[in-house]
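Step one of this worksheet: look at the structure below.
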Amino acid sequence: MLATVTLSTGQRMPTIGLGTWKSSLGQVHQAVLAALDCGYRHIDCAAAYSNEQEVGGALALRLGPGKPLRREEVFVTSKLWNTKHEPEDVEEACRTSLAHLGLSYLDLYLLHWPMAFQRGTELMPLRDDGSVRYSNTHYRDTWAAMETLVDKGLVKAIGLSNFNARQTDEVISTARHKPAVNQVECHPYLSQADLLSHCRSVAVCVTAYSPLGSGDRPWASPEEPCLLQDPLLGTIAQRYQKTPAQVILRWHVQRGVVCIPKSVTPSRIQQNFQVFDFSLSEEEMKLIGSLNCNERFIVPAVERDGKRVWRDAEHPHFPFHDPY
């Protein structure tokens, strides 16, 4: 039986999904097919990944009348990008994702970041000096527009991504449709224990993106630690005759965290799904949790005065100034 968590909406969200961030055109189509064919029933997408049309092409081969799967068997998530936070832009952005994915509804639609960028067609609206053109549109106003997507049946549920606890509470305080999910970076080096505990207390499910530490992130520097090479994880993996990646994913699952590992390699896609035939002991769970060092890998950064700094730290809604 497929492992799922139950959202506050009553929907069952599969615990392991296929992430499509950084999956390039020409590769993501086959990755989605490989995932669906080996048992995945959860695909995580976003307009900003610029590959939703190719994902849609793969979905079209597997979902629908006369195909192996019914639409309602697969949980599909997409996300509203930062340039589409103006309330009047939200429905059009959602409909564009639906058209690209070839779907009539989304199971989950997330507010990708709390920070709004200047509206327009560019993914990254930049000034001449390379800095981002921001907007002060408040995420609560964007959220109100997202709620109408639920009312119209375009999405089954709405949620957040990269929101801290305070921002999550702000959305909940005025919401008609409360956020079902908060998708955040989460892995043993960034365990998010406080945020996870807070989200549980307000019935918000946490999804981990980059659950394996995103070793292929383009800006990784040689001196940064590589999670998959951590000796503790290697030792535990040997004990169970599993890979370090499988041990990490099992750790997430036992914490009640949904995870969306990205891969375009069929063998790895299958391996990432094979985490339900073993369990970690309570001691092993604590040991893996003790690796936490609040190491945040996925924060857009830029070079300033010879140093890499957080790109959007001056935005009034930047989420990572808060402790969690």
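It should be emphasised that the depicted structure is a prediction, and the values quoted were computed from it without experimental measurement. What you see below is based on every heavy atom in this structure, not just the backbone, and it leaves out hydrogens, waters and symmetry mates.
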So does [Y] get a backbone contact from the side chain of [X], meaning a donor-acceptor N/O pair under 3.5 Å?
X      : Y      : answer
Asp107 : Val76  : yes
Asn51  : Thr20  : yes
Ser161 : Gln183 : yes
Thr96  : Glu92  : yes
Asn164 : Gln167 : yes
His315 : Ala116 : yes
Ser197 : Asp194 : no
Gln246 : Ala237 : no
His177 : Val150 : no
Glu185 : Ile298 : yes

Glu284/Arg250 under side chain to side chain contact (heavy atoms under 4.5 Å, CB included): CA gap, chis, key distance, verdict
CA-CA 11 Å; Glu284 288 163 339; Arg250 182 67 209 179; over 6 Å; no

More than 12 non-hydrogen atoms from neighbouring residues, nucleotides or ligands closer than 6.0 Å to [atom1] on [X], yes or no?
X      : atom1 : result
Lys242 : NZ    : yes
Arg311 : CZ    : yes
Glu88  : CD    : yes
Arg268 : CZ    : no
Asp129 : CG    : yes
Gln229 : CD    : no

With a 3.5 Å cut-off and no angle check, do the side chains of Asp44 and Tyr209 form a donor-acceptor pair?
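No.
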
Quick one: do the Glu314 and Tyr134 side chains pair a donor with an acceptor below 3.5 Å?
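There is no such pair between these side chains.
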
With side chains defined as the heavy atoms from C-beta onward, is the minimum distance between [X] and [Y] less than 4.5 Å?
X      : Y      : result
Leu59  : Leu36  : yes
Glu122 : Thr83  : no
Arg119 : Ser135 : no
His100 : Ser78  : no
Leu190 : Phe297 : no
Ile43  : Leu101 : no
Val132 : Met115 : no
His112 : Asn162 : yes

Report the C-alpha separation of Thr4 and Arg41 in whole Å, then their side-chain angles, then the decisive distance to 0.1 Å, and conclude whether the side chain to side chain contact (heavy atoms under 4.5 Å, CB included) test is met.
CA-CA 10 Å; Thr4 60; Arg41 297 295 178 263; over 6 Å; no

Once you round to the nearest 0.5 Å, how far does [atom1] of [X] lie from [atom2] of [Y]?
X      : Y      : atom1 : atom2 : answer
Leu18  : Cys259 : CG    : SG    : 12.0 Å
Lys156 : Met13  : NZ    : CE    : 15.0 Å
Gln118 : His85  : CD    : NE2   : 14.0 Å
Leu98  : Tyr109 : CG    : OH    : 8.0 Å
Leu106 : Ile158 : CG    : CD1   : 12.0 Å
Leu154 : Leu149 : CG    : CG    : 5.5 Å

Is there a side chain to side chain contact (heavy atoms under 4.5 Å, CB included) between Asp312 and Phe117? Walk through the geometry before answering.
CA-CA 10 Å; Asp312 301 314; Phe117 293 172; 4.1 Å; yes

Once you measure the plane-to-plane angle for Tyr49 and Trp21, does it fall in the parallel (<30°), tilted (30-60°) or perpendicular (>60°) bin?
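Geometry flag for Trp21 against Tyr49: tilted rings.
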
Classify the angle between the aromatic ring planes of His187 and Tyr189 as parallel (below 30°), tilted (30 to 60°) or perpendicular (above 60°).
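Ring orientation, 0 to 90° scale: perpendicular.
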
Could you check Tyr105 against Glu72 for side chain to side chain contact (heavy atoms under 4.5 Å, CB included), going step by step and ending with a plain yes or no?
CA-CA 10 Å; Tyr105 69 89; Glu72 55 268 29; 4.1 Å; yes

Within 45° cone of Phe278 ring axis and under 6.0 Å: Arg239 NZ or CZ:
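Here Arg239 fails the 6.0 Å and 45° test against Phe278.
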
Report the hydrophobic cluster partners of Leu61, with the cluster defined as I, L, V, M, F, W, Y residues connected by side-chain heavy atoms closer than 4.5 angstrom, directly or transitively.
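Its cluster mates, by chain and number, are Leu33.
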
